[in-house]
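Sequential numbering from 1 along the given sequence is applied to the chain's residues. Atoms within a ligand are numbered from 1 in the order they appear, just like the ligands themselves. Small disclaimer: the values here were computed from a predicted structure and weren't measured.
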Amino acid sequence: MSSTLSDAFRGKRLNLQHKLLDFTSLKELPDLYTWTEPDEYPAGQSLASESVPVIDLDGPTAVNVNLIGHACKTWGVFQVINHGIPTALLHNAMCTSRSLFTLPNEQKLKVARSPDAFEGYGFARISSFFSKLMWYEGFTNVGSPLDHFCQLWPQDYNMHCNVVEEYKKEMKKLAERLMCLILRSLGTTREDIKWAGLNGDFKDHPSPLNFNYYPACPDPDRAMGLAAHTDSSLFTILCQNSVSGLQVLREGTGWVTVPPVSDALVVNVGDMLHILSNGLYPSVLHRAVATRKNRLSIAYFYGLPSDLQISPLENLVGPSQPPLYRSISWSEYLRMKAKHFNKALSFVRV
Ligand SMILES: C=C1C[C@]23C[C@H]1CC[C@H]2[C@@]12CCC[C@@](C)(C(=O)O1)[C@H]2[C@@H]3C(=O)O
Ligand SMILES: O=C(O)CCC(=O)C(=O)O
Ligand SMILES: [Fe+2]
């Protein structure tokens, strides 16, 4: 994987690995996992007419361009159905994820993310910004999963590698398709913009995969799955199992649940698209709440070639609409995110 990308997280202290808990043995919430601070935002009661848009990718392209544009502008999140990714592959990826997280702790710790590393198993990376721990385990993969998977599954690594490689290949195809629709909704095309290499010509186009596991929690109201954050990607494609837990912050409403829809994938706007669209498509604050059931999700962060400088699209800026963000590369942005977390975007504002 790209060294510049991994460098982004160098120096961040996440030296908590020794404290990793065996969640399965817990009947009560330990103090370190009890979140008592009142929430900044209310729990939203969204009206039925106001639920996260579900978009049928088999529908007419011109219609979808409009629907996606509207969803990005007003929700920052939407779900897609008929996206072309075989159901069996989504299922297999979930099975690989479940198999990973249900391995014995000492096995998982063989691939523990070291304080300096980008990839591997461990706490939520954002833990260092909070005084409490999250009811969460994660595993991040960027390049080939072979090394880590050989350690996790000395017998079955090959099968799991194939699943993950195939999953990433399919996600990349879908991401490129979505990117075309999103660019069209912004009044431009890949051909129009200098970094048209989005169509896959760039060798270095890292798109990390995050496997998320939220074990069944004995006291979900006082625990936190994954605290509120925005993603640094252009956008993220998320596959969730049938247990709901993902919530997005909706202005004027509060936290709204993104309900699991079978075979659908969730797409959420990230910080790089926020910058590219000059703030027209704001990155959406989201979180995962803890639940009484085991919850799994897999996030594919669609990124950019790490050293490519990007700035608000030319067709969106002009004398009456000055650029709101300076130009920045993804690797520089990830470094800022690792340091300033949810304030990172404000440091890129001009
Ligand atoms: C390329 C990415 C994007 C990462 C880092 C790396 C892989 C894991 C992603 C997350 C997932 C959880 C929130 C976040 C804020 C985090 O800490 O790790 C994300 C971060 C980002 O969006 O910056
Ligand atoms: O588990 C979820 O639903 C959300 C995961 C997430 O936000 C992330 O991986 O960035
Ligand atoms: Fe996220």
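With distances taken over non-hydrogen atoms, the option nearest atom 22 (O) of ligand 1 out of S232, S233, A227 is S232.
By the 4.0 Å heavy-atom criterion, H229 is counted among the residues contacting ligand 2.
For ligand 1 and W330, the ligand atoms under 4.0 Å from any heavy atom of the residue are 1 (C). Applying the 4.0 Å criterion to heavy atoms of H229 picks out, from ligand 1, the atoms 13 (C). Every atom of ligand 2 with a heavy atom of A299 under 4.0 Å away is listed here by number and element: 9 (O). Remark: ligand 2 atoms within the under-4.0 Å shell around heavy atoms of Y214 are 1 (O), 2 (C), 4 (C), 5 (C). Listed by atom number, the atoms of ligand 2 under 4.0 Å from N210 heavy atoms are 9 (O). Every atom of ligand 2 is numbered from 1 in the order shown, and the set under 4.0 Å from a heavy atom of H286 is 7 (O). Set against the non-hydrogen atoms of D231, the atoms of ligand 2 under 4.0 Å away are 10 (O).
Atom 6 (C) of ligand 2 has L226 CD2, 3.6 Å as its closest protein atom, hydrogens excluded (heavy atom only). Protein heavy atom nearest atom 9 (O) of ligand 2, with residue, atom name and distance: N212 ND2, 3.0 Å. Given atom 3 (O) of ligand 2, the protein heavy atom at minimum distance is R295 NH2, 2.8 Å.
Contacts with ligand 2 closer than 4.0 Å are made by no heavy atom of V258, backbone or side chain. Contacts between L334 and ligand 1, counted as non-hydrogen atom pairs separated by less than 4.0 Å, involve the side chain only.
Below 3.5 Å of separation, one finds no N or O of Q240 facing any N or O of ligand 2.
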